[in-house]
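First comes the structure, then the notes that go with it.
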There are 2 protein chains.
Amino acid sequence: MIDSNDGTAAPLKNRLLVALPSEDFGLISPHLTHHELEKGRHLYDPGDQIDLVYFPHDCVISLMTLMENGAAIESAPVGREGALGLMSAVAPRQSLVRAIVQAPGFASRISASALHDAWTRSPALRDLVDRHNEALFGHAIQSVACNALHGVEARFCRWLLSCRDRIDGDTINLTQEFLADMLGVQRTTVTAVAGSLQAKGLIRYRRGVVDILDRAGLEAITCECYAAVRRGYERLLPLPFG
Amino acid sequence: MIDSNDGTAAPLKNRLLVALPSEDFGLISPHLTHHELEKGRHLYDPGDQIDLVYFPHDCVISLMTLMENGAAIESAPVGREGALGLMSAVAPRQSLVRAIVQAPGFASRISASALHDAWTRSPALRDLVDRHNEALFGHAIQSVACNALHGVEARFCRWLLSCRDRIDGDTINLTQEFLADMLGVQRTTVTAVAGSLQAKGLIRYRRGVVDILDRAGLEAITCECYAAVRRGYERLLPLPFG
DNA sequence: GCACTTGTGTCGACTACTCGACAGCACCCC
DNA sequence: GGGGTGCTGTCGAGTAGTCGACACAAGTGC
């Protein structure tokens with residue numbers, strides 16, 4: 001448990017923080033604050049200086065690549081298996097993406113400068129940062145292939161499963177419109193796929209809410225990319241998903 | 001110029017090596033060897049331990065994500081703006097991808113352990129590695145979006161331009177079959193697009209060879225991703241492309 | 001000069017997804 | 001409880017790209 005900025009305490013679910021040896025965690029814990037992130041909040045836009053690093057506990061942050069025409073598509077999600085802005089622990093960095101809170105929840109936050117100080121003193125932290133960056137890169141390159149080769153249904157399922165791995169519970173709050181943006185497809189296509197998955201009994205949905213009913217069933221029809229990325233995280237990061 | 005392993009000398013075109021201050025370069029230059037890489041050679045497969053790091057001078061290495069069905073699609077290219085296996089300077093790493101020589105040419109090579117030694121002693125080298133990894137990540141996430149949103153013609157042009165930036169000359173040796181794999185599309189689609197570009201006078205091609213006739217014309221019909229990635233490299237790495 | 005291999009052109013049926021439009025329903029607010 | 005807003009369902013025309021098949025041409029080796 002860690003102290004919250006509003007006086008309450010909350011469970012420490014972020015895998016990176018949990019994985020740090022206690023003496024190393026002690027270097028950053030005095031600077032960590034606990035925050036509730038509301039859905040839809042923009043944490044960074046491309047070009048923004050990364051001055052705060054977020055360690056999600058039960059929220060999901062989407063890294064969105066922006067196009068000139070205003071389209072924004074998810075390049076990678078960040079949840080309890082990782083952190084947002086971790087590259088700035090090494091050196092000051094600007095964000096390459098728009099980071100938005102896709103699933104609301106709690107995250108621990110630290111200033112990039114405090115994290116950098118700890119980074120200079122903790123080999124364990126440096127190792128963790130390297131591994132995380134490698135896993136995130138692995139996620140990105142798998143998605144490059146996935147978006148070129150796999151159909152919308154498989155990617156839809158992959159997205160749901162990835163999200164599910166990072167939150168508590170089987171209920172995801174999102175509209176079809178939002179998911180269409182994430183996947184870079186038309187909303188009508190999402191409607192069609194969602195209807196088909198519901199007909200198969202894999203999910204149930206209503207206005208702005210999707211319930212996962214049959215996780216194994218989703219895994220059966222998603223593409224190999226889901227498992228490949230997950231294996232990548234599990235290999236490089238000390239602890240499995242929740 | 002650097003000495004080659006066969007007694008000849010060759011120009012040092014790799015931007016990372018050129019950017020290193022001379023005292024830092026001195027740390028690695030005794031361990032660098034010069035090699036000619038033939039087209040199609042597999043330098044790494046997924047899971048291989050990265051024991052050698054390659055700094056291309058005028059060749060291009062494709063990082064290919066492999067799928068279970070044997071499909072291999074390019075996630076990112078590496079040329080004179082970067083290096084293959086640079087993450088292993090920080091700590092031992094396994095390759096996530098298949099790395100193949102797409103355009104033949106020369107590269108300098110160093111063992112991962114020698115590079116790591118230099119890395120521990122050279123802040124300039126550490127900075128360069130970080131910047132390179134960041135730029136490569138930027139490339140990957142742009143490609144995630146590009147593959148989801150842009151048509152084959154735009155991606156075809158983007159690929160040609162990216163390749164052109166990393167070699168000397170306007171002639172690229174590749175078959176349509178090979179390019180179809182790179183882009184993750186059918187060969188017949190590549191034939192159609194190539195024919196259309198040739199009809200517009202932008203390229204000329206014959207069996208296994210593509211000549212770029214009108215680079216500006218290609219830039220006009222490629223997607224914004226080409227320029228975005230190039231800007232990313234130029235911002236993070238010290239020197240512009242050749 | 002001939003056979004062989006390998007790369008390219010083309011055709012046609014098919015599918016996945018786009019894009020615009022509009023109707024209807026669910027939920028929220030007052 | 002009624003009105004409005006925003007989410008979802010659906011339709012239809014259109015397009016981009018798939019997939020298999022086959023003919024042909026250009027180089028390669030002998």
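Within every chain, numbering begins at 1; the chains are lettered A, B, ... in the order of the sequence lines, protein sequences first and strands thereafter. Just so you know, these numbers come straight off a predicted model, no measurement behind them.
Remark: A/Arg166 qualifies as a cation-pi partner of A/Tyr233 under the 6.0 Å distance and 45° angle criteria applied to the six-membered ring.
With A/His57 contributing its side chain and A/Lys13 its backbone, the two residues share a donor-acceptor pair below 3.5 Å. The backbone N or O of A/Tyr205 sits less than 3.5 Å from a side-chain atom of A/Gln198, completing a donor-acceptor pair. Between the side chain of B/Tyr226 and the backbone N or O of B/Leu218 there is no donor-acceptor pair closer than 3.5 Å. Counting only distance, with no hydrogens or angles, the side chain of B/Lys200 and the backbone of B/Gly195 share no donor-acceptor pair below 3.5 Å. Between the A/Asn14 side chain and the A/Leu16 main chain, a donor and an acceptor come within less than 3.5 Å of each other. For A/His35 (side chain) and A/Ala107 (main-chain N/O), no donor-acceptor pair under 3.5 Å exists by modelled atom type.
Contact detail for B/Leu183 and B/Phe156: the closest heavy-atom pair is CD1-CA, 4.0 Å.
Distance CZ (B/Arg207) to P (D/dT28): 8 Å, rounded to an integer number of Å. The distance between atom NZ of A/Lys39 and atom C1' of D/dC7, rounded to the nearest whole Å, is 13 Å. Taking atom CD on B/Gln186 and atom P on D/dA21, their separation rounds to 13 Å, with Å as the unit.
Ionic pairing of B/Arg158 and B/Glu219 is not present here: no N-O contact between side-chain nitrogen and carboxylate oxygen is shorter than 4.0 angstrom.
Within residues 149-158 of chain A, the residues that have a heavy atom under 4.0 Å from DNA chain C are, in order of number, A/Gly151, A/Val152. Proximity of residues 189-203 of chain A to DNA chain D (heavy atom under 4.0 angstrom from any strand atom) is restricted to A/Thr191. Within residues 169-182 of chain B, no residue is approached by DNA chain D to less than 4.0 Å at the level of any non-hydrogen atom.
Side-chain atoms of A/Arg206 stay outside donor-acceptor range of the base of D/dT8, with no qualifying N/O pair under 3.5 Å. Interface remark: the B/Arg187 side chain does not form any donor-acceptor pair with the D/dG20 base, using a distance-only criterion of under 3.5 Å.
Toward the 5′ end of DNA chain C lies the nearest nucleotide of B/Thr188, the other residue of the pair B/Thr188 and A/Gly184 mapping further downstream.
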Practice prompt. Output, in order, the C-alpha distance, side-chain angles, deciding distance and verdict of side chain to side chain contact (heavy atoms under 4.5 Å, CB included) for B/Asn147 and A/Val144.
Written response: CA-CA 7 Å; B/Asn147 282 352; A/Val144 172; 3.3 Å; yes

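For A/His34 and A/Phe106, the gap between ring centers is short of 6.0 Å.
In this structure, B/Tyr205 reaches the C/dG9 phosphate: one of its side-chain N or O atoms is under 4.0 Å from OP1 or OP2.
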